[in-house]
Protein chains: 2
Amino acid sequence: MRFQIDSRSPSPPSEQLADQVRFAVASGRLAPGDRLPSVRALAEEIRINPNTVSRSWRDLEREGVLESRRGDGMFVAAGALKSCRAAADALVKERLARALAEALGAGMSIERVFEIVRNSYSGEKGRSKAS
Amino acid sequence: MRFQIDSRSPSPPSEQLADQVRFAVASGRLAPGDRLPSVRALAEEIRINPNTVSRSWRDLEREGVLESRRGDGMFVAAGALKSCRAAADALVKERLARALAEALGAGMSIERVFEIVRNSYSGEKGRSKAS
DNA sequence: ACGGGTGTCCTATCGAGCTAGGACACCGGG
DNA sequence: CCCGGTGTCCTAGCTCGATAGGACACCCGT
């Protein structure tokens with residue numbers, strides 16, 4: 001699992017990280033029972049404070065996505081798949097709707113929006129092949 | 001011109017407001033020479049602090065989008081249309097690309113993304129007719 | 001039993017951004 | 001000329017979240 005923080009994004013790092021975990025579970029890249037990186041190791045890797053990682057893990061645990069085993073580590077919870085699929089679906093819908101509303105508000109045609117998404121998709125595909 | 005602040009959005013109010021002005025200019029809803037609402041009036045209308053509106057206006061002026069006439073008001077600058085079109089286009093592209101990347105990361109197919117955008121578009125159309 | 005790794009918690013500090021309230025200079029109509 | 005409306009600026013305080021550094025309890029391999 002590869003996590004990363006976009007410091008230019010307006011959302012705080014702790015939320016970005018939590019979202020990435022939800023998305024990873026929803027897509028199956030993380031499965032129930034999988035162990036997550038340790039608070040300290042991940043914090044060093046993505047250059048944020050251990051407390052910030054800890055906050056994300058704590059929020060996700062309260063949400064039922066993660067399970068903490070004291071002295072051992074954090075693991076993806078059993079029922080996480082369903083709830084993450086729902087949460088991810090809702091979140092993505094909201095973000096797409098917001099972006100679409102902005103595009104229309106800026107005077108773009110719906111065709112232009114589709115074109116941008118299509119082009120962006122080609123870019124994404126190429127990038128994931130390359131990596 | 002109708003402005004509004006989404007307090008749930010992660011972007012700060014001053015940026016939301018500035019973006020809305022850029023989009024309005026880019027789409028032609030605001031034309032060069034048009035007067036903008038006064039700092040105090042708009043602040044009261046959208047329930048934020050006058051200083052916050054002032055900050056947006058100041059940023060937009062430094063960007064060349066607005067023109068201040070002391071003791072009179074703020075007006076859309078002459079060359080605003082072109083720069084706003086460019087800025088809005090870039091901004092929308094970036095937001096759409098980010099939302100798309102999230103959707104794909106959450107395991108959605110590109111077809112599903114198009115479907116969501118299409119549905120969202122129908123909703124938007126209906127809403128703008130209603131208002 | 002011990003030591004290293006784990007999550008958890010605590011206090012303190014810092015920075016960004018909004019809020020609050022006031023002060024000032026400017027313009028224009030009455 | 002006056003006075004209300006305008007943009008601009010200033011200081012102060014507040015909230016939120018990240019940062020910093022440390023302390024503690026737990027688990028497990030050695």
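Numbers restart at 1 for each chain; the letters A, B, ... are given by sequence-line order, proteins then strands.
Where Arg62(A) and Gly73(A) each meet DNA chain C at their nearest nucleotide, the meeting point lying more 5' is that of Gly73(A).
Between the CG atom of Leu66(B) and the C1' atom of dT8(D) there is a distance of 15 Å, given to the nearest Å. Rounded to an integer number of Å, the gap from Leu36(B) CG to dT6(D) P is 13 Å. If you take CZ of Arg58(A) and C1' of dA18(D), they are 13 Å apart, rounded to a whole angstrom. Look at CZ on Arg35(A): it is 11 Å from C1' on dC27(D), rounded to the nearest Å. Counting to the nearest Å, the P atom of dG21(C) and the CD atom of Glu44(B) are 14 Å from each other. Straight-line distance from the CG atom of Asn49(B) to the P atom of dC10(D): 16 Å, rounded to whole Å. Taking atom CG of Asp72(B) as the reference point, atom P of dG28(C) lies 6 Å away to the nearest angstrom. Nucleotide dG17(D) holds its P atom 14 Å from the CD atom of Gln16(A), rounded to whole Å.
A salt bridge does not link Glu44(A) to Arg40(A): none of the charged nitrogens lies less than 4.0 Å from a carboxylate oxygen. With respect to Arg22(B) and Asp59(B), no salt bridge is recorded, no charged nitrogen being found less than 4.0 Å from a carboxylate O. By the 4.0 Å N-to-carboxylate-O rule, Lys93(A) lies close enough to Asp89(A) to be salt-bridged with it. No salt bridge links Glu63(A) with Arg58(A); every basic N to acidic carboxylate O contact stays at or beyond 4.0 Å.
The phosphate of dC18(C) has OP1 or OP2 within less than 4.0 Å of a side-chain N or O from Arg55(B). Ser68(B) has no side-chain polar atom (N or O) that falls below the 4.0 Å cut-off from OP1 or OP2 of dT6(D). When the side-chain nitrogen and oxygen atoms of Ser38(B) are compared with OP1 and OP2 of dT6(D), one or more of them lie within a distance under 4.0 Å. Side-chain N/O atoms of Thr52(B) include one lying less than 4.0 angstrom from OP1 or OP2 on dT19(C). Within the structure, a side-chain polar atom (N or O) of Ser14(B) is placed less than 4.0 Å from OP1 or OP2 of dC18(C).
Looking at Asn51(A), its side chain comes within 3.5 Å of the base of dG21(D) through a donor and an acceptor atom.
Using a 4.0 Å heavy-atom cutoff across all strands shown, Arg40(B) reaches at least one base atom of the nucleic acid. Among the heavy atoms of the strands, none lies under 4.0 Å from Glu67(B). Note on Pro13(B): only backbone sugar-phosphate atoms sit closer than 4.0 angstrom, heavy atoms only; bases stay farther off.
Nearest nucleotide to the Pro12(A) side chain, out of dT8(C), dG17(D), dT8(D): dG17(D). Comparing dG7(D), dG17(C), dC26(D) by their closest approach to the side chain of Arg70(A) singles out dC26(D). Listed nucleotides: dT8(D), dG17(D), dT19(C). Nearest to the side chain of Ile48(B): dT19(C).
Test Leu17(A), Val25(A), Val65(A) against Leu60(A) for side-chain contact (heavy atoms from CB on, under 4.5 Å) and you get one pass: Val65(A).
Checking side-chain atoms of Arg85(B) against main-chain N and O of Phe23(B) turns up no donor-acceptor pair under 3.5 Å.
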